[in-house]
Every structure is written in structure tokens, then in C-alpha cells.
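Take a look at the structure set out below.
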Protein chains: 2
Amino acid sequence: MSETGYRETLRGEVIAKAGTLIEMEGLAALQARRIAREAGCAVGTLYNLFGDIDGLVVAVNAETLALLGASIGSAGVVLGTLSLEERLARLAMAYVDFALAHQRRWEAVFEHRLPEGRDAPASYLEDQDRLLGVIEAAIADFVPDANGQRGITARALFGAVHGIVALALDNRLGGRSLTELEQQVRLIVRLAAIGITRDNAVA
Amino acid sequence: MSETGYRETLRGEVIAKAGTLIEMEGLAALQARRIAREAGCAVGTLYNLFGDIDGLVVAVNAETLALLGASIGSAGVVLGTLSLEERLARLAMAYVDFALAHQRRWEAVFEHRLPEGRDAPASYLEDQDRLLGVIEAAIADFVPDANGQRGITARALFGAVHGIVALALDNRLGGRSLTELEQQVRLIVRLAAIGITRDNAVA
DNA sequence: ACCGCACATGAACTTCGTTCACTACGCAAT
DNA sequence: ATTGCGTAGTGAACGAAGTTCATGTGCGGT
């Protein structure tokens, strides 16, 4: 099971090269010939390993999602007895920090669209669920789970923070927008925390 | 100034064709030869009119943004004396409705990335400001404008709703996720409204 | 009628992703 | 050791896409 044959080694190297390429020049720089050249293999080998370019992108994105999951996860385990607002703020800022630290890599996850019929690998959904699980755990003390309310709330919170970050990065983060991003995230988190606290008569 | 020469007519027709093409098959279907064929002109003409394919996409997206602006705008003028939550809900649902009604067109706005150096046309920013203006007007009675708080709040609210909608559409809106989308949007709006109302001691 | 300019044209060029006939290599059987 | 076989690497060739540009053409002015 832990045998790492030549194939697995090569596969890992290609994913790594592709990852740094995305990190430095964005998703558009991921070209078959270029990867092949930089990874020291033939174009055809990429297709043996990943099926097509989308497969390679998916592999890189899966890695990125795993990294994000690790970041959010470790932010989630230290929430201890903090207030709801503080818990949400920690998680949200972990997300912001990750997005800023791996800007292009992170953009690639949402920028990439796989062709019509194909759907994302199971690991995507698993990572998504793991993320939502962390959020659900963080709000468990404050939101009842009737009718799946807690899940809905977790998704809404994630989407809200995600949207703010996505729009901010889209404007390419010129100058003051970086501090504005942080202000917006802190604001939405505070409002949501207040709203949740004062609204236990959930519709 | 209002003379519509052949060029302007053709330009409009091409944008219209491109718009319906995006609407029906998504951004990837926007191919130079295909547009040329369906619009009844030569490939080169497209380049005379729009510079390149990105220019055409930008033209279509500008139109889409204008449509969105009109939708949100007309939702904004009837907010009258409604509660804050109701105001935000109307605006947010107008946004959701637009995104669902023009799904692929709307996706194209955020899916499209213009190449490295180029930046979006002024009309993008104007439409963005107009949208934020509507939101700011809607919350003006409830949020003071000190330190640009109102602007920050408007942006945060827009981003929050946008993020929820974007993620929901990304999962391709299978079955129940449509009602979940609505639930999430209503929830975040309610939480924010409660938060704003009970938090006039803004940090 | 002539000229000249501005623009439409589409074949050709470039750059991609992708394929596939061929090769190289390892391993098992003889 | 030799042979045979199958798996996987190779890169030239192909097709599809964006883009260019030499050429044609129509129209307004003289």
C-alpha cells in the first residue's frame, strides 16, 4: 500500500510543478507542453497519468482544498470556550489568510470549470463537507439542529465569507481594499453572530 | 450622436447573438468562427469591432451588468417604509432571481478573466457603484455613514449574498439546493438585519 | 469618372489540447 | 540466456481555436 513506484513519484512531481506554476502565473499558464518540459517527461505521459489537462487541474485543486481544510481545521480545534463572534472570526480570518497566502492557487479552484458532463471527484465533496463540519461544530453551541438549520447556517456563513473574499480578490486587491476586505469580513461575522445570538426563535 | 450607422447596427447584432449564445451554451461556446457564422459576418470583422474575443465578452458582460443593475434598481425604488430585513430581502431576492433567470449569462460575468495586463472597462465599475448605491440607500436609515461604515456594510452585504448564490450555482443547483439557496439567503439577510439593528455601537 | 480611404473578408499562421503508432523496458517462462 | 509479452513512455502529427494581414470592395469627395 505504501509502495511509491516510479509512477506515483512522477505523478507527485508533476502535481507539484503544476502547483507552483499555478501559484506563480495562474491557471492559464498550465499548458501541456510546458508542464511536460518542466517536469521532464513527454506530453503523452501527462495523459497517461491524468487523462487530460482538466484531470491535472483537478489533482492540483484537490491538493489546494486539502491545504485549506488543514488550515481551517487547525483554526477550528482551538475555539475552546470563545464567544460565537470570536469563533466565527477565527475561522473566517483563517480562510482569508489562506486565500491571500495562496492567491492564484486558490483562485484556480473556483476559476476552473470542468467540461459539461463531468463532475468533480469525491474528494472535493469530502473536503467541502469537512469544512462545513468545522463550521457546524463551531456554531453547535448556539444553533439548534432542527430541520437541518445548523447545516443551512454553516453553508450560509461560509458562502457569505467566501463571496466577500472572492469579490475582493477579483478587484485584484489594489491598495486599501486589503484592509477593507478584513473590515467587511469582520463586519459580516459580527452581524451574523449578533443575529444568531438574538434570534433563537428560528423560523 | 444618435446616428446608428451600419457599424453600430452590426455591433449590436453581434452582441445580441453572442448574448443568446452564452445564455444557451455558456461562455465556452463563444468562438470566433461560430459567432461570425451566426452573425453573418467574417471573423476579421469581429476583430475590427471588438479587438479580440475578450472584447466581445466584455461587451456582453457589460450588457448583463446593466440588466442586473436595472433589476436591482427597480427593486430598490419600492422599498418605501419597509423594515430593514424586508428591504434587504427584496434586494437579495432580486439578485437571486436575476441570477437564476439568466444563469449562464450571469456566470459568464464572473467566469471570464481578462488577460494579465488589461483591466475592466469603466462601465463595470460604474455598474458596481450603482448597485452599491442602491444597497447604501436601502440601509441609509439604519447605518450611519461615519468612516465609510455604510459603504463597507453595503459591500459586505453584497458580497455575502453573492457568495451564497455563486456557490449554489456552482453545485449546478441539483434538486433541493434551489430551496436551500433561498433559505440561506433569507437567513443571512435576517441575521444581518438583526445584527445591524441591535448594533448601533459600531466599532 | 476618378481617386482614396476605411473597412469587410477569409485564407493562412500560431498555439493550444489531444491522439496514437511506435518504442523501450521489465518480468516471467522456457 | 533468450524469447515473448504487456505495460507505459514518447513525440510527431492532427484538429480546433484565436489571431493576423494581404487583398478586395464600396462609398464619399473632387
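In what follows, every chain begins at residue 1, and chains take the letters A, B, ... in the order their sequences are listed.
The distance from atom CD of Glu8(B) to atom P of dA8(C) is 10 Å, rounded to the nearest whole Å. Rounding to whole angstrom units, CG of residue Leu46(B) and C1' of dT20(D) are separated by 14 Å. Per the geometry, CZ belonging to Phe50(B) stands 16 Å off C1' belonging to dG18(D), to the nearest Å. In this structure, Leu10(B) places its CG atom 7 Å from P of dA8(C), rounding to the nearest Å. For the pair Arg37(B) CZ and dT9(C) P, the computed distance is 15 Å after rounding to whole Å. Protein atom CG of Leu27(B) is 14 Å distant from nucleotide atom C1' of dA17(D), rounded to whole Å.
The aromatic rings of His162(B) and Phe158(B) lie parallel to each other, their planes meeting at an angle below 30°, with 60° marking the opposite boundary.
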For nucleotides 16-22 of chain C, give me one character per nucleotide, 5' to 3': B if any protein heavy atom sits under 4.0 Å from the base, S if the only such contacts are to the sugar-phosphate, - if neither. BBBB---

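Using a 4.5 Å cut-off on side-chain heavy atoms (C-beta onward), Leu187(B) and Arg190(B) make contact. Taking the side chain as every heavy atom from C-beta outward, Asp119(A) and Tyr124(A) never approach each other to under 4.5 Å. Asp127(A) is not listed as a side-chain neighbour of Leu68(A), based on a closest heavy-atom distance of 4.5 Å or more.
The backbone N or O of Glu23(A) lies less than 3.5 Å from no partner atom in the side chain of Arg105(A), so there is not a single donor-acceptor pair.
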What N/O pairs connect the protein and nucleotides 24-27 of chain D at under 3.5 Å? Give each pair on its own line.
none

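Salt bridge Lys17(A)/Glu13(A): absent, no basic N to carboxylate O contact under 4.0 Å. Electrostatic pairing of Arg113(B) and Asp170(A) counts as a salt bridge here, judged by a charged N lying under 4.0 Å from a carboxylate O.
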Show, in sequence, the C-alpha distance, side-chain angles and deciding distance for Glu63(A) and Arg11(A), and conclude whether the salt bridge (charged side-chain N to carboxylate O under 4.0 Å, His left out) test is met. CA-CA 13 Å; Glu63(A) 195 184 60; Arg11(A) 196 182 146 90; over 6 Å; no

